[in-house]
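For reference, the structure is listed below as structure tokens.
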Number of protein chains: 2
Amino acid sequence: MKWSELSDNWCPVARTLSVVGDRWTLLILRDCYLGKSKFEEFAESSGMTRHILAERLKRLVEEGVLERRLYSSAPKRYDYVLTEKGEELRPALRIMKDWGKKHMPVRREAKA
Amino acid sequence: MKWSELSDNWCPVARTLSVVGDRWTLLILRDCYLGKSKFEEFAESSGMTRHILAERLKRLVEEGVLERRLYSSAPKRYDYVLTEKGEELRPALRIMKDWGKKHMPVRREAKA
DNA sequence: GTAATAAGTTCCAAAACAAAACGTAGGGGC
DNA sequence: GCCCCTACGTTTTGTTTTGGAACTTATTAC
């Protein structure tokens, strides 16, 4: 089954996952909630490749979770800010944060 | 970057995602919250391949989110039940459910 | 004119995934 | 006993996605 098929699933959880159901997308949202908005910030913070990052940002914009915003006209630079729709996923990430703190202790050295 | 590297990330959200950060895993949890516990139930309900399902169940058991339980000794049959650790992710799925209902209307015909 | 910055794009090999067949260990009908 | 059914997986074979690194474009700072 493909992503696109999931978006019309009877289950609202499945439809949500068709947008945010992979680790990179959720890490982008985490960064947004931490105040980041720029491509380079996401790339450095999450450790994902620029290739994947560009693709995920594109989808988040298409789905209305983020908005691509021109923040400098010369040179042209765009960043990404949360929409209200995107803001409403914040509580889910907060639960994951608390769960990680409680159940997933760091075993070795922190990397990034 | 690989899954395994994420599990020692400084960020608790990232560590959480190293366990549940893909759509199939989260759909398995959804099914658990709906009362399902059997391999065949997960396979049919989510539409994922048996191959992937077996792998994800294995990891969820290793991580202590689910418990593999012998529910019939002859023939030997196992099912999967939530641990307390697994139960504590339920609120995150509830938020995704509400978000999906609000922001992801079904456009075409529901399939599964 | 040379280097730096920032947002991407392109390329190729490696890994993950999808689909479907196969395996295994019994149970039940007859 | 023999055959099909159930249920939890495993194996196999191709396709798709991902990872990693280099490249592009436009502009500013020196």
Side-chain angles (χ1 to χ4, degrees), chain A residues 1-9 14 17-28 31-32 35-62 66-81 111-112, chain B residues 1-9 14 17-28 31-32 35-62 66-81 111-112:
Chain A
M1 184 184 275
K2 294 162 202 156
W3 282 97
S4 54
E5 296 174 45
L6 212 53
S7 67
D8 287 301
N9 198 279
L17 292 176
S18 77
V19 181
V20 299
D22 78 296
R23 58 176 174 160
W24 297 131
T25 300
L26 288 165
L27 285 179
I28 291 170
D31 283 347
C32 289
K36 301 190 203 304
S37 69
K38 298 199 177 61
F39 192 94
E40 300 296 330
E41 290 177 320
F42 297 135
E44 200 208 352
S45 158
S46 65
M48 87 183 83
T49 66
R50 317 168 68 69
H51 181 79
I52 300 297
L53 175 57
E55 210 234 306
R56 295 297 192 277
L57 286 172
K58 191 161 156 249
R59 197 165 67 220
L60 286 169
V61 169
E62 280 168 2
L66 298 182
E67 192 193 327
R68 190 166 182 262
R69 184 183 61 171
L70 184 73
Y71 74 90
S72 159
S73 49
K76 276 193 173 158
R77 296 274 190 263
Y78 297 91
D79 68 354
Y80 298 86
V81 291
K111 294 275 177 57
Chain B
M1 185 185 272
K2 293 162 202 155
W3 282 97
S4 55
E5 295 173 46
L6 214 53
S7 68
D8 287 301
N9 198 280
L17 293 175
S18 76
V19 181
V20 298
D22 78 298
R23 59 177 173 162
W24 298 130
T25 300
L26 289 165
L27 285 178
I28 291 170
D31 283 348
C32 289
K36 301 190 202 303
S37 69
K38 299 200 177 60
F39 192 93
E40 299 296 330
E41 289 177 319
F42 297 135
E44 201 208 350
S45 157
S46 66
M48 85 183 84
T49 64
R50 316 168 68 70
H51 180 79
I52 300 295
L53 174 56
E55 208 232 306
R56 294 297 193 277
L57 287 171
K58 190 160 154 250
R59 197 167 67 221
L60 286 170
V61 170
E62 281 169 2
L66 297 181
E67 192 193 327
R68 189 166 182 262
R69 185 183 59 171
L70 184 74
Y71 74 90
S72 159
S73 49
K76 277 193 173 158
R77 295 274 190 263
Y78 296 91
D79 67 354
Y80 298 86
V81 291
K111 295 275 177 57

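Chain identifiers are assigned alphabetically (A, B, ...) following the order of the sequence lines, protein sequences preceding nucleic acid strands; residue numbering begins at 1 within each chain.
- Ranking C/dA7, C/dG8, C/dA18 by closeness to the A/K38 side chain, first place goes to C/dA7.
- Seen from the ring of A/Y71, A/K38 counts as a face-on cation partner, given the 6.0 Å and 45° thresholds.
- Between A/R56 and A/D22 there is a salt bridge, with a side-chain nitrogen of the basic residue lying less than 4.0 Å from a carboxylate oxygen of the acidic one.
- Distances from the side chain of A/E55 to the nucleotides C/dG8, D/dT18, C/dC17 place D/dT18 closest.
- We find that CH2 of B/W24 is positioned 14 Å from C1' of D/dT17, with the value rounded to whole Å.
- Applying the 4.0 Å criterion to OP1 and OP2 of D/dA7, one finds that B/Y71 has every side-chain N and O outside that range.
- A residue-by-residue look at A/R50 and A/P75 shows that A/P75 has its nearest nucleotide of DNA chain C further toward the 5' end.
- Taking all atoms of both residues into account, the shortest heavy-atom contact from A/I28 to A/L53 is CD1-CD1, 3.7 Å.
- One can place CD1 of A/I52 at 15 Å from P of C/dA15, the figure rounded to the nearest angstrom.
- The separation between B/E44 atom CD and D/dC8 atom C1' is 15 Å, rounded to whole Å.
- Salt bridge present: B/R50 and B/E40 bring a charged side-chain N and a carboxylate O closer than 4.0 Å.
- Regarding A/L53, its CG atom lies at a distance of 16 Å from the P atom of D/dA21, rounded to whole Å.
- Of all nucleotides listed (C/dA18, D/dA26, C/dG26), C/dG26 comes nearest to the side chain of B/A74.
- Using a 4.0 Å heavy-atom criterion, one finds that B/Y78 contacts the sugar-phosphate atoms exclusively.
- Under 4.0 angstrom from either OP1 or OP2 of D/dT28 there lies no side-chain N or O belonging to A/R77.
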Under the side-chain contact (heavy atoms from CB on, under 4.5 Å) criterion, do B/L6 and A/R23 qualify, and how do the steps go?
-> CA-CA 10 Å; B/L6 214 53; A/R23 58 176 174 160; 3.8 Å; yes
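- Distances from the side chain of A/H51 to the nucleotides D/dA21, C/dG8, C/dG26 place D/dA21 closest.
- Using a 4.0 Å cut-off, no side-chain N or O of B/R56 falls inside it from OP1 or OP2 of D/dG9.
- The side chain of B/R68 contributes an N or O atom lying less than 4.0 Å from OP1 or OP2 of D/dG9.
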